[in-house]
Engineer: 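Below you'll find the structure I mean.
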Amino acid sequence: MSAEAYWLLKSEPDVFSYADLERVGTEPWNGVRNYQARNFLRAMQVGDRCLFYHSSTGRVGVAGVGRVVRAAYPDDLQFDPLSPYFDSKSTPEQPRWSMVDVAAVSALPRFVALEELRAVPELAQLRLLQKGNRLSVMPVRPEEFELIVALGGLHPEAL
DNA sequence: GCCAACGTTGGC
DNA sequence: GCCAACGTTGGC
């Protein structure tokens with residue numbers, strides 16, 4: 001068994017916010033259509049923690065913490081011709097795209113804005129902050145995760 | 001296999 | 001709405 005890993009998931013809060021995740025409890029993380037992001041989804045294991053990041057909004061930053069509760073399985077939207085995420089090259093025998101299930105763990109008592117992340121020297125290597133980054137799913141180092149969660153007013157060991 | 005055109009992401 | 005950065009597509 002490998003050690004628990006940490007991730008960052010981007011979501012547009014107008015579409016699906018951290019409050020929405022708390023409301024539904026668990027959400028299938030479908031619709032990812034980038035191979036690099038898909039490969040990260042496939043690397044996720046049950047129990048991995050995720051920073052829930054709000055993007056494309058007036059207040060961008062980390063809003064909460066989630067947990068992977070089901071490892072990668074075929075994304076159902078790729079088979080739905082009516083979905084914008086339909087992929088004609090996918091078949092149930094050879095699915096191209098995957099999703100995981102993510103559950104809410106805790107909202108951050110203090111929202112941690114992107115601007116704030118940029119100002120922390122210890123987070124200079126954070127993948128989210130690298131130039132040109134556009135991935136909606138990306139890995140986070142354990143020490144980065146702990147630092148960000150602490151900035152948000154939570155004790156990492158309590159998660 | 002190259003590369004221009006186009007589409008998307010996402011901060012500002 | 002603008003624009004930088006990146007991914008994908010398709011002609012050759």
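Proteins come first, then strands; the chains are lettered A, B, ... in the order of their sequence lines, and each starts at number 1.
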Engineer: Cationic tip of A:Arg59 within the cone over A:Phe111's six-membered ring, i.e. under 6.0 Å and within 45° of the normal?
Structural biologist: yes

Engineer: What is the distance from CG of A:Asp14 to P of B:dG10, rounded to the nearest Å?
Structural biologist: 14 Å

Engineer: Could you state the atom-to-atom distance from CD of A:Glu116 to P of B:dG11 in whole Å?
Structural biologist: 16 Å

Engineer: Starting at atom NE2 of A:His54, determine the distance to atom C1' of B:dG11, rounded to an integer number of angstrom.
Structural biologist: 16 Å

Engineer: Nearest to the side chain of A:Val60 - C:dA5, B:dG10, B:dG11?
Structural biologist: B:dG11

Engineer: Look at the side chain of A:Lys131 and decide which nucleotide, out of B:dG11, C:dT8, C:dA5, has an atom nearest to it.
Structural biologist: C:dA5

Engineer: Starting at atom CG of A:Leu114, determine the distance to atom P of B:dG10, rounded to an integer number of angstrom.
Structural biologist: 12 Å

Engineer: Tell me whether the side-chain N/O atoms of A:Lys10 come closer than 4.0 Å to OP1 or OP2 in B:dG10.
Structural biologist: yes

Engineer: How many whole angstroms separate atom CE of A:Met138 from atom C1' of C:dA5?
Structural biologist: 14 Å

Engineer: Ignoring hydrogens and angles, tell me if any N or O in the side chain of A:Tyr18 forms a donor-acceptor pair with the backbone of A:Val65 under 3.5 Å.
Structural biologist: yes

Engineer: Quick one: A:Leu129 CG to C:dA5 P, roughly how many Å, whole number?
Structural biologist: 16 Å

Engineer: Do you know which two heavy atoms are closest between A:Arg42 and A:Ala72, and how far apart they sit?
Structural biologist: CA-CB, 3.8 Å

Engineer: For A:Asn133 and C:dG7, what is the distance between atoms CG and C1' respectively, to the nearest whole Å?
Structural biologist: 13 Å

Engineer: Does the ring center of A:Trp29 lie less than 6.0 Å from the ring center of A:Phe52?
Structural biologist: yes

Engineer: Reckon A:Tyr53 has a side-chain N or O less than 4.0 Å from the OP1 or OP2 of B:dG11?
Structural biologist: yes

Engineer: Expressed as a whole number of angstroms, how long is the span from A:Leu8:CG to B:dG10:P?
Structural biologist: 11 Å

